[in-house]
2 protein chains.
Amino acid sequence: MIENSQLLYQCNDCSFRKLSTLIVAKEEFDTMCRNTVQLQFSKGETIIKQGGRATNLLFLHRGVVKFSYRYDTGSNYIMTIISGPKLVGGANLFFRDINIFSLTAMEECEVCMVDIEDFKRLALSNPAYVLAMIEQAMEMFQHSIFNFISLAHNHVNGRIATVLLYLWDQVYKDSAYNFTVSRKELAEFAACSHENVINTLSRFRREGLIGFEGKKILILNHEALTEISKKG
Amino acid sequence: MIENSQLLYQCNDCSFRKLSTLIVAKEEFDTMCRNTVQLQFSKGETIIKQGGRATNLLFLHRGVVKFSYRYDTGSNYIMTIISGPKLVGGANLFFRDINIFSLTAMEECEVCMVDIEDFKRLALSNPAYVLAMIEQAMEMFQHSIFNFISLAHNHVNGRIATVLLYLWDQVYKDSAYNFTVSRKELAEFAACSHENVINTLSRFRREGLIGFEGKKILILNHEALTEISKKG
DNA sequence: CCTTAAAGATGAAAAATTTCATATTTCAGG
DNA sequence: CCTGAAATATGAAATTTTTCATCTTTAAGG
């Protein structure tokens, strides 16, 4: 457990700790966390910077973050968006020294940064723990892959439908946050121009597939969108 | 070691065994392989079928294979192409029961199929071995990711350049095989129509960037192609 | 409350891409 | 050697997508 009087919340409530201590002893887990820091990030803040050193394993307690890749030309591509509580940093943190992507808070986020060496120390004495953590990280990866497949196969229509459904079903459903991703971010996620996103969203709204409530996006016809996501 | 008088080749020469026994004892490795089978696949044969059960860890000794995803509509997308010797099946085999992709031989292939339960048994007693294997599998994954990023960001020009360079640098260079991927397969890899591949390859040839030698594709101007891969 | 910047919206022109029609080449099998 | 299927090639029409110009709305700061 983290020894700090100014903790944002108590480690007893931590879902990462609960999950981990199903496999490793509480004492072992708390030893791993002796260099761990709890951090808070506001909307738009960079948590991990592309090109920087990967020295921590990251657990997202609360909030929504995006993984993005930036080109020399300045354009961005969003690989995936996820909400906590979830282990992040399997793909780009586990076994690479340098971060491939940036990680940016899309909502107020609470994060624990575990020292990667402390994690490896525990991992080497607990093979089952490694397997469980990798499985966690893979889950996130698999979602990105299906998004990529949609990208490779579908036209913008289908790509935007896929992205909307993913965000609705996997990220914002049952979450305290509103589904309020900007058109520009949706464009970076669906890999098209932001004008195309704006047009497509307008059309989806005219057709009654989605609705707007202020900045919030609502899925009104899940089946029809699923159909578009698959076929078009 | 596999006890079989009709082995395609001897386990003493196996690079998977050499790599593994840097970390685990020879006896442990050979115990893991007691249910392992050596198999040979001809060009076009399916090694692993999308939707089928994932019961084996796969080591590609020799040959070239493609990972592909098939839609209900019948269209294919090639996720990546790799050449042996390499561990395959990290992403779709390690921690999923059902294969997400198909694996198809693009050349004569020699493969060892290790029972996943036998692997897990060894893994649970050797955490360092898990880490090493995951790292192997991640390497392959990272290549797919950069290909996906090119897909998301570039026009067909750049995507085809990226794919050609990847195949030339990572798959066919220093290999006994010829770079003879069909236009249709290149299209499935670069996510565009095969006509577009044909046109683009013709243009690249006219501009002296690539050359054909029978069915074989040659990269003539690596720098120029790299430029296109980055900027276009 | 005003000002300004950013986000959202719309339509037309330009560019990229796919589809389709058609032709040629290659290659395996009878 | 012939034949048919598959791969390669080419060009034009149709479609999709981006780019650009312009405008409105929203949100934040002074």
Side-chain angles (χ1 to χ4, degrees), chain A residues 42-44 66 71 73-78 106-107 150-164 178-207 210-218 228 231-232, chain B residues 42-44 66 71 73-78 104 106 150-164 178-207 210-218 228 231-232:
Chain A
S42 341
K43 188 169 180 159
K66 62 177 172 184
Y71 295 84
T73 60
S75 68
N76 270 309
Y77 175 63
I78 296 180
M106 293 178 70
E107 306 279 350
S150 166
L151 187 69
H153 180 246
N154 287 323
H155 287 177
V156 168
N157 247 8
R159 298 212 297 267
I160 292 180
T162 303
V163 161
L164 290 176
N178 288 328
F179 183 176
T180 54
V181 180
S182 79
R183 309 294 194 261
K184 184 164 161 288
E185 279 175 320
L186 286 175
E188 287 173 351
F189 200 2
C192 64
S193 67
H194 74 277
E195 290 95 332
N196 210 336
V197 170
I198 290 168
N199 279 327
T200 306
L201 289 189
S202 297
R203 186 154 32 77
F204 283 174
R205 182 179 53 174
R206 277 199 298 279
E207 292 167 355
I210 63 173
F212 302 144
E213 210 178 271
K215 290 264 166 192
K216 200 164 135 191
I217 299 172
L218 302 169
I228 293 171
K231 297 205 172 160
Chain B
S42 340
K43 188 170 182 161
K66 62 177 172 183
Y71 294 84
T73 60
S75 68
N76 270 310
Y77 176 62
I78 296 180
T104 310
M106 292 178 71
S150 167
L151 187 69
H153 180 246
N154 286 322
H155 286 178
V156 168
N157 247 9
R159 298 212 297 267
I160 292 180
T162 304
V163 160
L164 289 176
N178 288 328
F179 184 175
T180 54
V181 180
S182 80
R183 310 293 193 263
K184 185 165 161 286
E185 279 174 321
L186 286 175
E188 288 173 348
F189 201 2
C192 63
S193 68
H194 74 276
E195 289 95 333
N196 210 336
V197 171
I198 290 167
N199 278 328
T200 307
L201 289 190
S202 297
R203 185 154 32 78
F204 283 174
R205 181 179 52 173
R206 276 199 298 278
E207 292 165 356
I210 62 173
F212 302 143
E213 208 177 274
K215 290 264 164 190
K216 200 164 137 191
I217 299 172
L218 302 169
I228 293 172
K231 297 206 173 159

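Throughout, protein chains are lettered first and strands after them, A, B, ... in sequence-line order, and every chain is numbered starting at 1.
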Rounded off to whole Å, could you give me the NZ-to-P distance for the Lys215(A) and dT26(D) pair?
8 Å

Closest contact, heavy atoms only, Tyr77(A) versus Glu188(A)
CD1-O, 2.9 Å

Minimum heavy-atom distance Ile160(A)-Val197(A), with the two atoms named
CD1-CA, 3.8 Å

What's touching nucleotides 9-11 of chain D from the protein side, N or O pairs under 3.5 Å?
residue: dA9(D); atom: OP2; partner: Arg183(B); partner atom: NE; Å: 3.2
residue: dA9(D); atom: OP2; partner: Arg183(B); partner atom: NH2; Å: 3.1
residue: dT10(D); atom: OP2; partner: Ser202(B); partner atom: OG; Å: 3.3

Ser182(B), nearest nucleotide to its side chain (from dT16(D), dA27(D), dT8(D)):
dT8(D)

Which listed nucleotide (dT17(D), dT26(C), dT17(C)) is nearest to the side chain of Val156(A)?
dT17(D)

Distance col, row Phe179(A):CZ vs Leu164(A):CG, nearest 0.5 angstrom, shows 5.0 Å

Degree of bending in the helix from dC1(C)-dG30(D) to dG30(C)-dC1(D) once both end axes are built from five pairs, to 10°:
40°

Search all heavy atoms of Ile217(B) against all heavy atoms of Val181(B) and return the closest pair with its distance.
CD1-O, 4.1 Å

Gap between atoms CG and C1', on Leu151(B) and dA16(C) respectively (whole Å)
15 Å

For Asn157(B) and Ile228(B), which heavy atoms make the closest approach, and how far apart are they?
O-CG2, 3.8 Å

Output the single nucleotide from dA16(C), dT16(D), dT26(D) whose closest atom is nearest the side chain of His155(B).
dA16(C)

If you take all heavy atoms of Ala191(B) and Leu151(B), which pair is closest and at what distance?
CB-CD1, 3.3 Å

